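Counting begins at 1 with the first residue of the sequence. Predicted model, so just to flag it, every value in this text is computed and none were measured.
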Amino acid sequence: MIETFDETGRAPRPERLAAALDRLACELGAGDRDLTVAFLDDEAMAERNRSQRGTDGPTDVLSYPSWEPDDGDAVPRVQHLGDVLIGVDVASRQAPEHGHDLERELCVLAAHGLMHLLGFDHPDAAAWRPFLAAQRRIVALYDEAS
């Protein structure tokens, strides 16, 4: 189950995004897991970015896994995969730069966050490939739902 919280009141069709993200999670082998997506403004994202990462200013997406592969048996694997926080203000500003609208930018960021929850990272160009594939796929799934 994907639960969404729009603290900005500006995320277009979060239920449609949740449905596309759920389908993507199923395709990636995590369809049995729950996750939360929260849509936040610049102020809230900047606060979390500063307190959690030591970086000033808002960011577009943050992921907080409930369990990580490095945890091993120290922390039990739980049903809730984690939380994805998406900066709606940042997404609004960067969507035109990426050649699409806010709805699709939110999808891209949700997929990006999901990939981090699944244990992926992107330290180099090769590691970006699964992220880019997931981001393209969620946009296709979102568009199919129209």
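Residues satisfying the salt bridge (charged side-chain N to carboxylate O under 4.0 Å, His left out) criterion with Glu97, sequence neighbours excluded, are absent altogether. Qualifying side-chain contact (heavy atoms from CB on, under 4.5 Å) partners for Pro130, counting only residues two or more places apart in sequence or in other chains: Met115, Phe120. Residues passing the salt bridge (charged side-chain N to carboxylate O under 4.0 Å, His left out) test with Asp6: none are found, sequence neighbours excluded. Applying the salt bridge (charged side-chain N to carboxylate O under 4.0 Å, His left out) test to Glu47 and every residue at least two apart in sequence or in another chain returns Arg50. Applying the side-chain hydrogen bond (donor to acceptor under 3.5 Å, both in side chains) rule to Arg129 yields no partners; only residues at least two apart in sequence or on another chain are considered. Taking the ring-ring contact (aromatic ring centres under 6.0 Å, His included) definition, one finds that His122 meets it with His112, His116, Trp128, Phe131, sequence neighbours left out. Thr4 is linked by a side-chain hydrogen bond (donor to acceptor under 3.5 Å, both in side chains) to nothing, counting only residues two or more places apart in sequence or in another chain. By the side-chain hydrogen bond (donor to acceptor under 3.5 Å, both in side chains) test, Asp34 pairs with no residue at all, sequence neighbours left out. Residues passing the side-chain contact (heavy atoms from CB on, under 4.5 Å) test with Glu15 are Arg13, sequence neighbours excluded. Residues satisfying the side-chain hydrogen bond (donor to acceptor under 3.5 Å, both in side chains) criterion with Glu43, sequence neighbours excluded, are absent altogether.
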Identify every side-chain donor-acceptor pair in residues 85-92 under 3.5 Å, counting partners at least two apart or on other chains, and give the distances.
| from | atom 1 | to | atom 2 | distance (Å) |
| --- | --- | --- | --- | --- |
| Asp89 | OD1 | Arg10 | NH2 | 2.1 |
| Asp89 | OD2 | Asp42 | N | 2.7 |
| Ser92 | OG | Val88 | O | 3.1 |

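Considering all non-hydrogen atoms of both residues, Ala20 and Leu141 come closest at O-CD1, 3.7 Å. Considering every non-hydrogen atom in both Ala134 and Ala111, the closest pair reads O-CB, 3.8 Å. Scanning all heavy atoms of the two residues, the minimum distance from Cys107 to Ile138 falls at O-CG2, 3.3 Å. The heavy-atom pair separating Asn49 from Gly57 by the smallest distance is ND2-O, 2.9 Å. A pairwise comparison of heavy atoms in Leu109 and Val84 identifies O-CG1, 4.4 Å as the closest pair.
Pairs passing the salt bridge (Lys or Arg N to Asp or Glu O under 4.0 Å) check and including a residue from residues 107-124, sequence neighbours excluded, do not occur.
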Given side-chain contact (heavy atoms from CB on, under 4.5 Å), test Arg33 with Leu117 step by step and report yes or no.
CA-CA 11 Å; Arg33 307 287 296 281; Leu117 293 181; over 6 Å; no
His98 and Val108: CA distance, side-chain angles, deciding distance, side-chain contact (heavy atoms from CB on, under 4.5 Å) verdict
CA-CA 10 Å; His98 297 154; Val108 165; 6.0 Å; no
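Between Pro14 and Val37 there is no side-chain heavy-atom pair separated by less than 4.5 Å. Taking the side chain as every heavy atom from C-beta outward, Thr59 and Arg53 approach each other to under 4.5 Å. For the pair Arg104 and Asp101, the minimum side-chain heavy-atom distance is below 4.5 Å. Proximity of Leu40 to Pro58: side-chain heavy atoms (C-beta onward) are nowhere separated by under 4.5 Å. Inter-residue side-chain proximity for Leu17 and Ile2 is flagged as unmet; no heavy-atom pair is nearer than 4.5 Å.
Note that the CG atom of Leu102 and the CZ atom of Arg93 stand 11.5 Å from one another [nearest 0.5 Å]. Once rounded to the nearest 0.5 Å, the distance linking CG of Asp83 with CG of Leu62 reads 11.0 Å.
In terms of hydrophobic clustering, with Ile, Leu, Val, Met, Phe, Trp and Tyr side chains grouped at heavy-atom distances under 4.5 Å, Phe5 and Leu81 are assigned to different clusters. Put simply, Tyr64 and Leu118 are part of two different groups of oily side chains (I, L, V, M, F, W, Y) that touch within less than 4.5 Å, one to the next.
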